[in-house]
Amino acid sequence: MNVETVSLVAALNSGRIMHEEYDHFLTQNGYCRGNATLDSCYFEPLTRCRLTREEAAAAPTLKTVEQLMDPAGPRVGILDYNLVVELRLSVPKQFEKQVEERGIPSKRKHYWWRAQAIAYIIRPNARTRAELEKRKQERFRGAPLAPGCISLFVRGGDKAAESAVFSSQHYEGIVQRLRQIDPALTNQLFITTEDPRTIDYFANSSSWRTSYVHMKEEEGGTRDDAEYLRSLLNLDLALQCDGYVGSFFSNWQRLIDEMRVTVRCKANAVYVDAHYKTPAEMDFNW
């Protein structure tokens with residue numbers, strides 16, 4: 001999703017319209033039923049404009065800013081990933097003055113844009129909302145989420161090759177610190193994780209009231225089908241809480257952060273990171 005926010009700013013700054021790629025791997029399942037883009041399967045359309053598959057297949061790859069901005073260039077182009085990396089700190093030109101006037105630090109301007117763009121890109125359509133409600137009834141475990149609950153996102157151990165991961169005991173200490181900062185927060189946790197050991201650790205503790213989404217795949221479903229819909233359900237539930245703990249090493253934690261400050265209007269809710277000690281230390285590079 002971070003890549004899509006960069007693609008959107010590239011489109012806006014070059015006078016183009018962003019169109020999602022066809023045959024995204026998350027659409028290759030029974031749920032999407034041939035809807036080959038994320039915004040035709042899970043989300044509201046990004047645009048009314050539609051490219052044919054033939055146009056998309058014939059589109060050249062844009063590898064430089066000069067190619068992207070050339071008014072005489074091709075009508076349809078595909079952003080090269082290296083160009084995405086080069087543009088990742090960009091903000092749409094029409095918002096540059098507003099961002100400057102609001103005093104947002106230079107190294108975080110693009111993160112402000114990410115939050116706005118994500119709020120637009122991730123708009124579940126009616127079918128997806130109904131499916132998430134159905135899965136919530138089937139898979140939600142624990143007490144209903146109440147005001148003052150804490151969203152705890154824990155990266156799984158298999159992510160250690162990408163960046164640091166932390167133990168359940170470490171996260172528990174961070175949650176306790178969060179409650180010291182905001183005493184209005186309760187001991188109810190909503191846990192998002194791929195590690196069942198984390199669920200067991202908190203669910204078996206008398207100190208915490210633990211809620212989560214059951215991870216077992218339903219029979220007859222595909223992994224991508226169940227996994228992505230479960231992820232969206234976890235996201236929706238996490239955003240209902242009033243305090244947040246996670247690791248900014250994770251793109252998914254950043255997604256929770258971006259959505260809670262925009263869609264849920266919870267920019268004033270306290271967030272404590274498992275790694276960074278202060279907001280000034282946090283790396284917003286991606």
Side-chain angles (χ1 to χ4, degrees), residues 1-2 4 24-33 35 37-44 115 118-156 158-159 171 188-203 208-247 250-266 269 271:
M1 289 301 178
N2 281 329
E4 287 212 12
H24 191 287
F25 77 96
L26 289 173
T27 66
Q28 305 300 297
N29 54 58
Y31 178 76
C32 289
R33 303 173 189 169
N35 294 312
T37 61
L38 294 178
D39 69 337
S40 64
C41 178
Y42 303 99
F43 307 126
E44 295 290 346
I118 283 293
Y120 176 69
I121 293 169
I122 300 183
R123 292 170 295 137
N125 57 34
R127 177 169 171 257
T128 297
R129 293 196 303 271
E131 183 66 24
L132 295 183
E133 183 59 32
K134 172 177 173 288
R135 289 175 184 245
K136 177 183 175 182
Q137 298 302 319
E138 296 172 349
R139 292 170 170 271
F140 184 81
R141 302 290 187 271
L145 299 180
C149 70
I150 297 170
S151 164
L152 171 60
F153 174 77
V154 177
R155 286 167 57 90
D158 63 332
K159 298 292 187 179
Y171 276 106
Q188 184 179 26
L189 303 178
F190 176 73
I191 301 179
T192 304
T193 186
E194 297 175 347
D195 191 343
R197 295 170 298 182
T198 300
I199 298 292
D200 291 341
Y201 178 87
F202 286 98
W208 307 104
R209 293 179 295 128
T210 303
S211 301
Y212 58 94
V213 173
H214 185 50
M215 289 186 284
K216 183 179 179 181
E217 310 292 1
E218 58 265 31
E219 292 186 14
T222 66
R223 181 177 183 273
D224 287 343
D225 184 346
E227 186 175 25
Y228 194 58
L229 288 166
R230 185 177 67 236
S231 295
L232 291 177
L233 176 57
N234 271 305
L235 175 62
D236 182 56
L237 292 167
L239 295 175
Q240 295 181 27
C241 286
D242 297 310
Y244 297 85
V245 169
S247 170
S250 166
N251 285 327
W252 196 260
Q253 175 55 52
R254 295 184 185 210
L255 182 61
I256 294 173
D257 192 62
E258 291 156 355
M259 294 288 282
R260 61 106 175 174
V261 302
T262 52
V263 174
R264 288 291 183 172
C265 301
K266 293 184 178 181
Y271 168 78

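Side chains are part of it too, since the values below use all heavy atoms of this structure and drop only hydrogens, waters and symmetry mates.
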Does any non-hydrogen side-chain atom of [Y] lie less than 4.5 Å from one of [X]?
{"X": "Leu255", "Y": "Ile122", "result": "yes"}
{"X": "Leu232", "Y": "Arg135", "result": "no"}
{"X": "Asp236", "Y": "Arg264", "result": "yes"}
{"X": "Trp252", "Y": "Leu235", "result": "yes"}

>> Tell me every residue that passes salt bridge (charged side-chain N to carboxylate O under 4.0 Å, His left out) with Lys136, counting only those two or more places apart in sequence or in another chain.
In response: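 Lys136 satisfies salt bridge (charged side-chain N to carboxylate O under 4.0 Å, His left out) with no other residue.
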>> Ring-plane angle category for Tyr228 and Phe43, please: parallel below 30°, perpendicular beyond 60°, tilted otherwise.
In response: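 Correct class here is perpendicular.
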> Going by the angle between their ring planes, with limits at 30° and 60°, are Tyr42 and Tyr31 parallel, tilted or perpendicular?
Replying inline: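 Ring orientation, 0 to 90° scale: parallel.
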>> Quick test of your reading of the model: are Arg129 and Glu133 salt-bridged, counting only N-O distances below 4.0 Å?
In response: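 No, this pair does not count.
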> Residues two or more places apart in sequence or in another chain: which of them pass side chain to side chain contact (heavy atoms under 4.5 Å, CB included) with Thr262?
Replying inline: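 If we apply the side chain to side chain contact (heavy atoms under 4.5 Å, CB included) test to Thr262, skipping adjacent residues, the hits are Ala115, Gln116, Ala119.
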> Is the closest side-chain donor-acceptor distance between Thr193 and Asp195 under 3.5 Å?
Replying inline: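 Judged by distance alone, the side chains do not pair up.
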> Any chance the side chains of Asn234 and Ser231 put a donor and an acceptor closer than 3.5 Å?
Replying inline: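 No - no donor-acceptor pair under 3.5 Å links their side chains.
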>> Could you go through Tyr244 and Asp257, starting from their C-alpha distance and side-chain angles, then the distance that decides it, and tell me whether this counts as side-chain contact (heavy atoms from CB on, under 4.5 Å)?
In response: CA-CA 8 Å; Tyr244 297 85; Asp257 192 62; over 6 Å; no
Atom pairs and distances, side-chain donor-acceptor, residues 145-153, under 3.5 Å, sequence neighbours left out:
none

>> Quick one, Glu194 with Arg230, criterion side-chain contact (heavy atoms from CB on, under 4.5 Å). Give me CA distance, side-chain angles, the key distance, then yes/no.
In response: CA-CA 11 Å; Glu194 297 175 347; Arg230 185 177 67 236; 5.6 Å; no
